[in-house]
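All of these numbers come straight from a predicted model, not from anything done at the bench.
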Amino acid sequence: MRQLLKALSALGIALIIVFAVRAYAFTVYSVPTDVCQTLKRGDRILVNRLSRVEFKKGELMVFRNSSDFVGRVEAVPGDTVRLGLLRYLIPQTCCPRCKCNDCRLYMVNLGKGRTLVYRHQVIGRATKLFHLPF
């Protein structure tokens, strides 16, 4: 009986640790729609929630607007982008809400369009794991 209690308590502690790591460090997402040439609907990605700053062009990120989105970074703070005939500079400080130099603004390609993402919307850096055909 004592060994059964030890085994159940060890299993309970292990489950708590797994859920904590999944909630605060790493999460697996399924891509809901085609994002780009390398990510298709149904792909599984690993999201590193601890890595939320200093993205480079071409990296994948997951961010939350009204729901969770996956996109590829196209422009980082300080880049000049062209939309039609107009040119825009991606600012170093992203919004009046933050008013700090740590905040960033990124232009992200969602596959069907582009959007600007604030640093406080970023969930984490994404890495493609595998594709399930169903």
Side-chain angles (χ1 to χ4, degrees):
M1 185 66 170
R2 200 174 251 178
Q3 288 181 346
L4 180 63
L5 285 175
K6 283 184 180 181
L8 287 177
S9 64
L11 181 63
I13 291 170
L15 285 174
I16 290 171
I17 291 171
V18 166
F19 287 128
V21 166
R22 185 170 171 123
Y24 298 107
F26 299 99
T27 304
V28 177
Y29 279 92
S30 176
V31 177
T33 59
D34 292 352
V35 174
C36 56
Q37 296 171 350
T38 57
L39 278 181
K40 304 293 182 205
R41 184 174 186 257
D43 285 350
R44 302 284 188 215
I45 57 173
L46 177 71
V47 179
N48 182 354
R49 290 176 175 254
L50 302 175
S51 178
R52 297 174 44 171
V53 294
E54 299 302 324
F55 285 89
K56 297 177 184 147
K57 290 181 187 178
E59 290 184 325
L60 292 171
M61 79 162 48
V62 175
F63 63 95
R64 179 169 289 140
N65 198 349
S66 56
S67 62
D68 293 348
F69 293 98
V70 179
R72 188 170 298 280
V73 177
E74 282 191 352
V76 296
D79 285 352
T80 302
V81 295
R82 177 171 274 197
L83 299 174
L85 298 174
L86 301 173
R87 294 173 141 194
Y88 294 97
L89 176 71
I90 304 289
Q92 297 285 341
T93 303
C94 69
C95 63
R97 175 180 153 186
C98 296
K99 294 183 182 177
C100 68
N101 293 330
D102 183 44
C103 191
R104 300 283 185 254
L105 185 66
Y106 299 97
M107 179 172 280
V108 177
N109 185 345
L110 299 173
K112 57 185 177 261
R114 294 184 281 181
T115 187
L116 292 173
V117 177
Y118 296 106
R119 187 211 172 279
H120 56 264
Q121 293 175 309
V122 174
I123 295 174
R125 190 178 316 269
T127 304
K128 181 178 175 181
L129 291 178
F130 55 88
H131 174 73
L132 293 177
F134 50 86

Does some side-chain heavy atom of [Y] sit less than 4.5 Å from a side-chain heavy atom of [X]?
X: I90; Y: L116; answer: yes
X: V122; Y: V117; answer: yes
X: V73; Y: K56; answer: no

Requested in this report: Mind jotting down which residue pairs meet the side-chain hydrogen bond (donor to acceptor under 3.5 Å, both in side chains) criterion with at least one end in residues 78-90? Sequence neighbours excluded, please.
Outcome: K57-D79
**Report entry** I45, L46, D43 screened by side chain to side chain contact (heavy atoms under 4.5 Å, CB included) with Y29, the one that passes
**Finding:** I45
Query raised in the report: What residues, two or more places apart in sequence or in another chain, satisfy salt bridge (charged side-chain N to carboxylate O under 4.0 Å, His left out) together with R22?
Result: none
Query raised in the report: What residues, two or more places apart in sequence or in another chain, satisfy salt bridge (charged side-chain N to carboxylate O under 4.0 Å, His left out) together with R125?
Result: E59
Report task. Could I get the full list of ring pair (Phe, Tyr, Trp, His ring centres under 6.0 Å) partners for F63, not counting sequence neighbours? Result -> F69
Requested in this report: Calculate, to the nearest 0.5 Å, the distance between atoms CZ and CG belonging to R114 and N109 respectively.
Outcome: 7.0 Å
Report task. Could you state whether V62 and L50 fall into the same hydrophobic cluster, counting links through intermediate Ile, Leu, Val, Met, Phe, Trp or Tyr residues with side-chain heavy atoms under 4.5 angstrom apart? Result -> no
Report task. Report yes or no: do L105 and V81 belong to one cluster of Ile/Leu/Val/Met/Phe/Trp/Tyr joined by side chain heavy-atom distances under 4.5 Å? Result -> yes
Requested in this report: I would like to know whether F26 and N48 meet side chain to side chain contact (heavy atoms under 4.5 Å, CB included); could you show each step before the answer?
Outcome: CA-CA 5 Å; F26 299 99; N48 182 354; 3.7 Å; yes
Requested in this report: Given side chain to side chain contact (heavy atoms under 4.5 Å, CB included), test T115 with L110 step by step and report yes or no.
Outcome: CA-CA 7 Å; T115 187; L110 299 173; 3.8 Å; yes
Query - Partners passing side chain to side chain contact (heavy atoms under 4.5 Å, CB included) against I17 (at least two apart in sequence or in another chain) - result: I13, V21
Query raised in the report: For Y106 and V76, what are the C-alpha separation, side-chain angles and deciding distance, and is it a side chain to side chain contact (heavy atoms under 4.5 Å, CB included)?
Result: CA-CA 5 Å; Y106 299 97; V76 296; 4.0 Å; yes
Report task. Could you identify which residues cluster with L4, counting Ile, Leu, Val, Met, Phe, Trp and Tyr as linked when any side-chain heavy atoms lie under 4.5 Å apart, either directly or through a chain of such contacts? Result -> L8
